[in-house]
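Taking it in order: structure first as structure tokens, then the write-up.
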Amino acid sequence: MAEVDRTQYEADKQRLREAAEAYYNGTDLLLDDATFDALSRQLAAIEAAHPQWAAGDSATDQVAAGAAVAGDVAHTVPMLSLGNVFDPDELGDWLAGVAKRAGTEDLVFTVEPKFDGLALSARYEEGRLTRLVTRGDGYHGEDVSYAAPNIVGLPPRLTEPVAIEVRGEVMLTTAQFEAANEARMTHGDRPFINARNGAAGALRGAADRKYPIAMSFFCYDVITPETTSPEGAGAGRYVTALQRAHDLGITIGVETISGIDTYAAAEVPAAVTAIEERRGSLPFAIDGAVIKVDDYAARAKIGSSSKAPNWAIAYKYAAEEGMSKLIDIIWQVGRTGVITPRAVIEPVMVSGTTITYATLHNPDDITRKGFRMGDTVIVKRAGEVIPRLEAPVVNLRDGSETEIEFPEVCPRCGSPIDKSEARWRCSRGRQCGLAEAVTYAVSREAWDIEGLGKKQVENLVASGRVGGVDDVFTLTETDLIEFGKVAPANAPKITAEIERARTSPLARTITALGIRGTGRAMSRRIAKHFRTMDAFRAAGIPELEAVDGIGTEKSAMIVLELAELAPVIDHLSELGVSMADELDPAVAEVAAEVAPDSVDTAAGSAGAAGAGEPGAEEAGADADGAAGAAAQPLAGMKVVVTGSMVGPLADLSRNEMNELIESLGGRATGSVSKNTDLLVAGEKGGSKRAKAEQLGVRIVSEDEFAALIGRVG
Ligand code: IVH
């Protein structure tokens, strides 16, 4: 270990204590979990190397670093803390150590979630709840019986008139946390920073709060004469005691995850991972798993230290929260005109990723949580991909923080903002981002209309000629030249591209609509699932949820979006834009022979591109799936067809050829350019053939093309 000096040690000890005090007693946070754990381990190492420094006043040898309020109720049995391990190796070492102490390899373990709340002891006499006591310093706690009516999971009366003490974690579930903050703000109180910190505030403030805050209790320890005194006549099993508490009407921690199961040592790591995998979808916060020896006699043999039992350990998962500083807010206007604040923060590592941006749900979030520029902030990156700004750490302010400025008008177009809902929107709605929306619709991601770029689209929108993505299909050569400022020589190519786009696979048209929450990969899945625009439009929330990657929130949003887009979709349909994905039987037959996997996905490679869907709202956020590559002989190729087909492909019309190309992973385009990879030249392929020759583009006959795609005549 590096040389450490005593002054630094004392300062760090003080810092750890203050943080622990805030953690256990108050509504504020001084250190995030990961930093707290790291500091605590560092101090433990220093104390091991310099025991004389810590004599009588160790920071790491006491519950809550010696900071917790002791209270005046003596605990029947000390309420100990838990040791921590942080990776599979450390867990393996712990399991081996326990087996050694117990003198047997045949131990049986329980694996439970580690709830992120506060330890609480509940005493029942004759089946009635008589007393609630906090952990305090582990030997004496505070009486918080007044909170009993607000705690779900601890019934006032048990199913039998027995005397029993149960211990467990009191915490706020995600729903309770949200309800609590709703109530706090209604009553002018500052919202809780996070659920754990809320549990402390909810419990301790329950005595003099005018409104109730519901909490939950999850039992993980049962104290009866049979189960107690680890050093004494412990007999029986932990799982039996848990079952008993459950039968008496108390909520047991493990039942939130699995049954009351046990595991052999070799099975423990998998059980720990299984809980971690469910972490993001649980209705409450957990920060690890707790592994315990099941048998009380074995526990007695293994023993405890003054701080924690040796027969139990907490396996801590990677922290989902970090602390950073708010340095800027960028007001983004989406394709649909929604204005969202995006926080720029100092880089911070959270669950293994460096984060520099975080979302704030809406402008109201800033006011409600009271953020100021320059604040120390808690950043959370839970199951979701996009990190969120959770709360400011008010007691770390130094006075240099400033008010956050809100935009008065739409930051993109300067129009008034519609603030009637929590989610602000430019009063021009989709019109505000129209040029952007149309540019996206004609991009390679969607209709792929070559020649129509950002500039031309901006001209068309500014002139009023294009008022929605649907208007693209009404453009004539004259319009393109006059309103889009397109070079006259290019206009016919663009109209040809527009013609081709009319037969786009459904997925491309869905992408082009720019439905919030759906990027290209999601649009493909939707098209594959519903096959027709009508079926998609008719879908309600449950039908939408059947699509991989669409949850309740997203499906509700899609329903609203589709309602708003109804006139656009109707117009597209009137303009002859393809609204179904049923391949023409002739095409399907060819495609099936060539690439059996791609038949049902006219849009080309489907699936595989689902990862990172929350980000898919942005254009191009999702990539082409690679899964279908083997069956996609034209993957990534721009193919132009010219002349009428003879030979093996003679049955196919131009549109059908284009569809076939798309179904094999290629992009069918209307005109030859230097970007073209292949020209399929049928009979009389005059000017396109000449252009291709001039540009050195590969030219194949129908026969060669048929061979290339695996359909030899
Ligand atoms: S057992 C003697 N089981 O973690 C063993 N504790 O860091 C006592 N905790 O004080 C604790 N979930 O507040 C146990 N399933 C669980 C737990 C759990 C959360 C908390 C508890 C404890 C702290 C130790």
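Just follow the structure's listing: the first ligand is 1, and inside any ligand the first atom is 1.
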query = Is the shortest N/O to N/O distance between L118 and ligand 1 below 3.5 Å?
reply = no
Per-residue contact class, R167 against ligand 1 - non-hydrogen pairs under 4.0 Å = neither
ask   = Touching ligand 1 at all, P309? Heavy atoms, strictly under 4.0 Å?
value = yes
request  = Show which atoms of ligand 1 fall inside a sub-4.0 Å distance from at least one heavy-atom site of R135.
outcome  = 10 (O), 22 (C)
key: Face-on cation placement of R299 at Y238 ring, 6.0 Å and 45° thresholds   = yes
inquiry  = When you measure from the heavy atoms of P113 to every atom of ligand 1, does any distance fall below 4.0 Å?
reply    = yes
message = What I want to know is whether Y220 and ligand 1 share at least one N or O pair that is separated by under 3.5 angstrom.
response = yes
ask   = Below 6.0 angstrom between ring centroids: does that apply to F284 and F115?
value = yes
inquiry  = Against I313, only a single residue in V85, L82, V293, V290 fulfils side chain to side chain contact (heavy atoms under 4.5 Å, CB included); can you say which?
reply    = V85
Donor-acceptor pairs under 3.5 angstrom involving side-chain atoms of residues 257-275: please list them, not counting sequence neighbours.
| residue | atom | partner | partner atom | Å |
| --- | --- | --- | --- | --- |
| E267 | OE1 | A264 | N | 2.8 |
| T273 | OG1 | P269 | O | 2.9 |

ask   = Going by the order shown, which atoms of ligand 1 are within less than 4.0 Å of some heavy atom of E112?
value = 15 (N)
task = Compute the minimum heavy-atom distance from M79 to ligand 1 and say whether it is under 4.0 Å.
result = no
query = Who pairs with R167 by salt bridge (Lys or Arg N to Asp or Glu O under 4.0 Å), at least two apart in sequence or on another chain?
reply = E165
query = So which bit of L82 gets within less than 4.0 Å of ligand 1, heavy atoms only: side chain, backbone, both or neither?
reply = both
query = Using 4.0 Å as the upper bound for N to carboxylate O, is an ion pair formed by R131 and E142?
reply = no
task = Consider every N or O of W311 and every N or O of ligand 1, then say whether any pair is closer than 3.5 Å.
result = no
message = For T173, is there any backbone N or O sitting under 3.5 Å from a side-chain donor or acceptor partner on Q176?
response = yes
